[in-house]
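All of these numbers come straight from a predicted model, not from anything done at the bench.
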Amino acid sequence: MFLPRNYGTWLLLFLLISPTLFAPSLSHLDSRWAAKKRHMREKVREMFYHAYDNYMTHAFPHDELKPLSKSFTDSLSELGNLKLEHLPQDYNGSALTLIESLSSLVIMGNNTEFERAVIWLSENLTFNIDARINLFECNIRLLGGLISAHILATDSTNRLVHGSYKVQLLNLAEDLGRRFLPAFDTPTGLPYAWINLKYGVMENETTETSTSGCGSLILEMGALSQLTGDPRYESAALRALRKLWSMRSSLNLLGTTLDVITGEWIEYSSGIGAGVDSFYEYLCKAYILFGKEDYWRMFHSAYLAVQKYFRHGSWYHEADMRTGKATYWQLTSLQAFWPGLQVLVGDIGAANSSHREFVYVWEKFGVLPERYLLDHQMLHPTEKYYPLRPELAESTFYLYQATKDPWYIQVGESIVNSLNSYTKVEGGFASVRDVTTMQLEDHQHSFFLAETCKYLYLLFDDSFLVDRNYIFTTEGHPLPILSSWHERLPETYIPTNWTYAKSGLPTRPASAMSLQVCPATALRSGYGVQQIESACHVPDSRGDHRCFTDEECGVDSTNCRRRSCSMAGYCGLWI
Ligand code: DMJ
């Protein structure tokens, strides 16, 4: 037997062997991460119920909770210019936070509370109220919340479908959608930002709106048309979107605010944050949900223009839509959704690097300030607040889904810890008024339950998504991707590495989508419904996505790219 004589060789051998002797085995590491995720999931569940229970005790059925004074605010309706005596005696707000919480309750497995809430809303909610509301906010929060909950309530696995639930939430959604339609009655088809739910557009109403205000209605209104068979909602939203797109500059850039009567821009500068953010998001997600080529074409051009004119390294500034010249060098908290959107289109490398910058700013202040001046490396003098926004948690969730890199779990943990140390009070979770002093403000926004808690929960436990194919609206409400909602099979996009459902039955294509995204297609067989994830998907050789070589990593199911093995032994879309 060969035994080395000199100490150098022994040392070398020891160094080679020792990692395998002393490093924790992969399975040990796996179980440590699994335990950590379970622990964090329970922490998020506690946060959700602390916020939810306090809302139900001190604010329900009003819109939102004031956690410091343990009272309420009907924040969705803006009643300033209306006489209060116009309000019906029984006006109680819209139970906004309850509607916003519905899909989170299902995701966290609380079907009992979900059912109780659905029944209450079915019996008590009315939109026939004299209230001036913001179309965009009502669309993403109320309409989106109701439609998503209706879909979850009629899911064959939900007890409601076998009991007293008929289609009450959908009826409410349709009633609300009908009340939106007068807003679109303008020469341009661009909707007013504000309408009165009972009387339609008020006299002397402002004609100014934002790009996201009139360009991100298509998911909810399109879904409403699909569910009711009434095409008016989808066509109103689509006409507005097309008009908006026709107003782009030769650089494929848009502004931030515009006039709905003249169709002229008011603010020519824009970025990916406030006033524009969900416009980009909805072009991409509308393509995923409805499969219309037009949405992809618009998104693709818009996305390339953003990357070309707004991006500076890992940061995004604002620019003038006419010249592409930089205007404001600011990081805004709302921009933090962008890496999540980039994950959806498969731009994982860019998503990862800009996400890191937001994490850096979060860690610097403890939470994400509303506006940070990049050119001066300082906070905006007045916008120093953090209203419990979800965007960083949202992007972290998407990046973890795409890469399974445990670093994102650590980011999630640090977000949870900050929220608990700085914003938790006896009466719920309070917004931060000033991130330099951590002074609090008396407001718990409904999106804290609809989005912030939901994305954190899904980061640590995504079991809700297993065997399901959902897209989340900009307010975090899940909508299923169904081949029946897809316009037609775009044949030119059918990938050559097409896979087929192998079930003993005649094979058929399992997807109708492009190289970018692949929807679930329900195949009816004699044995029930079989969900096929993707046309291009080739699974990793191990279900836990661990690996030693690239060959063990399959093909990503959302963008059809080959996955590779990272140094830490994870399959992912490593660039
Ligand atoms: C939410 O209402 C939505 O995410 C919206 O698109 C942007 N603002 C808030 C959360 O910050």
Side-chain angles (χ1 to χ4, degrees), residues 68 75 134 136-137 193 208-213 253-257 265-281 306 309-321 324-341 353-396 411 414-415 418-419 421-423 429-445 447-448 451-452 474:
L68 301 179
S75 40
N134 182 283
F136 167 79
E137 296 293 352
E208 182 171 347
T209 189
S210 66
T211 297
S212 48
L253 293 177
L254 292 93
T256 303
T257 54
W265 289 106
I266 297 171
E267 174 58 69
Y268 289 96
S269 173
S270 79
I272 53 166
V276 196
D277 47 359
S278 48
F279 162 74
Y280 294 108
E281 182 182 355
V306 165
Y309 295 107
F310 298 162
R311 192 171 68 92
H312 181 82
S314 310
W315 305 95
Y316 290 82
H317 57 76
E318 293 182 20
D320 188 305
M321 63 178 278
K325 293 251 159 59
T327 48
Y328 304 106
W329 291 79
Q330 300 175 349
L331 172 141
T332 62
S333 169
L334 288 166
Q335 294 174 342
F337 87 103
W338 190 256
L341 183 65
S353 64
S354 88
H355 175 266
R356 271 171 200 262
E357 305 295 358
F358 289 106
V359 173
Y360 166 77
V361 179
W362 177 287
E363 276 169 357
K364 183 170 166 138
F365 294 101
V367 292
L368 211 50
E370 188 68 0
R371 211 174 276 271
Y372 181 74
L373 307 178
L374 291 171
D375 39 358
H376 298 100
Q377 290 283 302
M378 61 178 268
L379 285 170
H380 186 276
T382 54
E383 296 185 36
K384 298 177 182 178
Y385 51 88
Y386 168 67
L388 308 173
R389 288 199 191 281
E391 286 76 10
L392 186 63
E394 176 183 355
S395 286
T396 308
V411 173
S414 131
I415 296 175
S418 299
L419 287 170
S421 11
Y422 301 125
T423 71
F429 283 85
S431 301
V432 176
R433 188 190 293 279
D434 181 339
V435 302
T436 57
T437 59
M438 290 296 174
Q439 185 200 357
L440 296 177
E441 192 175 333
D442 202 5
H443 200 160
Q444 178 185 284
H445 290 269
F447 51 70
F448 181 68
E451 293 191 84
T452 314
T474 192

Minimum heavy-atom separation for [X] to [Y], with atom names?
X	Y	result
Thr423	Leu419	OG1-O, 2.6 Å
Ser395	Gly340	OG-N, 3.1 Å
Ser270	Val276	CB-CG2, 3.9 Å
Pro387	Tyr385	CD-CD1, 3.8 Å
His317	Arg311	NE2-O, 4.4 Å
Ala319	Gly324	CB-O, 3.8 Å

Does a side-chain heavy-atom distance below 4.5 Å link [X] with [Y]?
X	Y	answer
Leu379	Thr436	yes
Phe310	Ile272	yes
Asp277	Gln335	no
Tyr372	Thr332	no
Asp320	Tyr268	yes
Val361	Leu331	yes
Thr257	Thr209	no

Note to self: I want to know whether Tyr422 and Tyr386 have ring centres closer than 6.0 Å.
What the structure shows: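 No; Tyr386 has its ring centre 6.0 Å or more from that of Tyr422.
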Notebook entry, point to check: Looking at the rings of Phe448 and Phe429, which for Trp means the six-membered one, are their centres under 6.0 Å apart?
Noted result: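 Centroid separation for Phe448 and Phe429: below 6.0 Å.
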Distance check, rounded to the nearest 0.5 Å: [X] atom [atom1] versus [Y] atom [atom2]?
X	Y	atom1	atom2	result
Thr474	Glu451	OG1	CD	6.0 Å
Ser314	His355	OG	NE2	12.5 Å
Tyr309	Lys325	OH	NZ	10.5 Å
Gln444	Ser431	CD	OG	8.5 Å
Ser333	Leu368	OG	CG	4.5 Å
Gln377	Lys364	CD	NZ	6.0 Å

Margin query: Is a donor from one side chain sitting under 3.5 angstrom from an acceptor on the other, for His380 and Thr382?
Written below: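 Side chains of His380 and Thr382: pair found under 3.5 Å.
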Margin query: Distance alone, cut at 3.5 Å: any donor-acceptor contact between the side chains of Ser418 and Trp362?
Written below: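 Distance-only check passes for Ser418 and Trp362.
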Margin query: Evaluate Trp265 against Thr211 for side-chain contact (heavy atoms from CB on, under 4.5 Å), listing each step before the verdict.
Written below: CA-CA 10 Å; Trp265 289 106; Thr211 297; 3.4 Å; yes
Item checked: For Glu370, the option from Arg389, Arg433, Lys384 that meets salt bridge (Lys or Arg N to Asp or Glu O under 4.0 Å) ->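 Between Glu370 and the candidates, salt bridge (Lys or Arg N to Asp or Glu O under 4.0 Å) is satisfied uniquely by Arg389.
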Margin query: Below 30° counts as parallel, above 60° as perpendicular, anything between as tilted: where do the rings of Tyr280 and Trp338 land?
Written below: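 Ring orientation of Tyr280 relative to Trp338: perpendicular.
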Check: Do the ring planes of His312 and Trp329 sit parallel (below 30°), tilted (30 to 60°) or perpendicular (above 60°)?
Finding: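 Rings of His312 and Trp329: perpendicular, over 60°.
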[Y] backbone acceptor or donor facing [X] side chain under 3.5 Å:
X	Y	answer
Ser210	Gly213	yes
Ser354	Pro339	no
Thr327	Glu318	yes
Asp442	Leu68	yes
Thr256	Gly275	no
Thr452	Leu388	yes

Note to self: Assess the residue pair Met321 and Ser269 against the criterion (side-chain contact (heavy atoms from CB on, under 4.5 Å)); give the C-alpha distance rounded to whole Å, side-chain angles, the decisive distance to 0.1 Å, and a yes or no.
What the structure shows: CA-CA 6 Å; Met321 63 178 278; Ser269 173; over 6 Å; no
Notebook entry, point to check: Should we say atom CZ of Phe365 is surrounded by more than 12 heavy atoms from elsewhere, each under 6.0 Å from it?
Noted result: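 For Phe365, atom CZ is crowded (more than 12 foreign heavy atoms under 6.0 Å).
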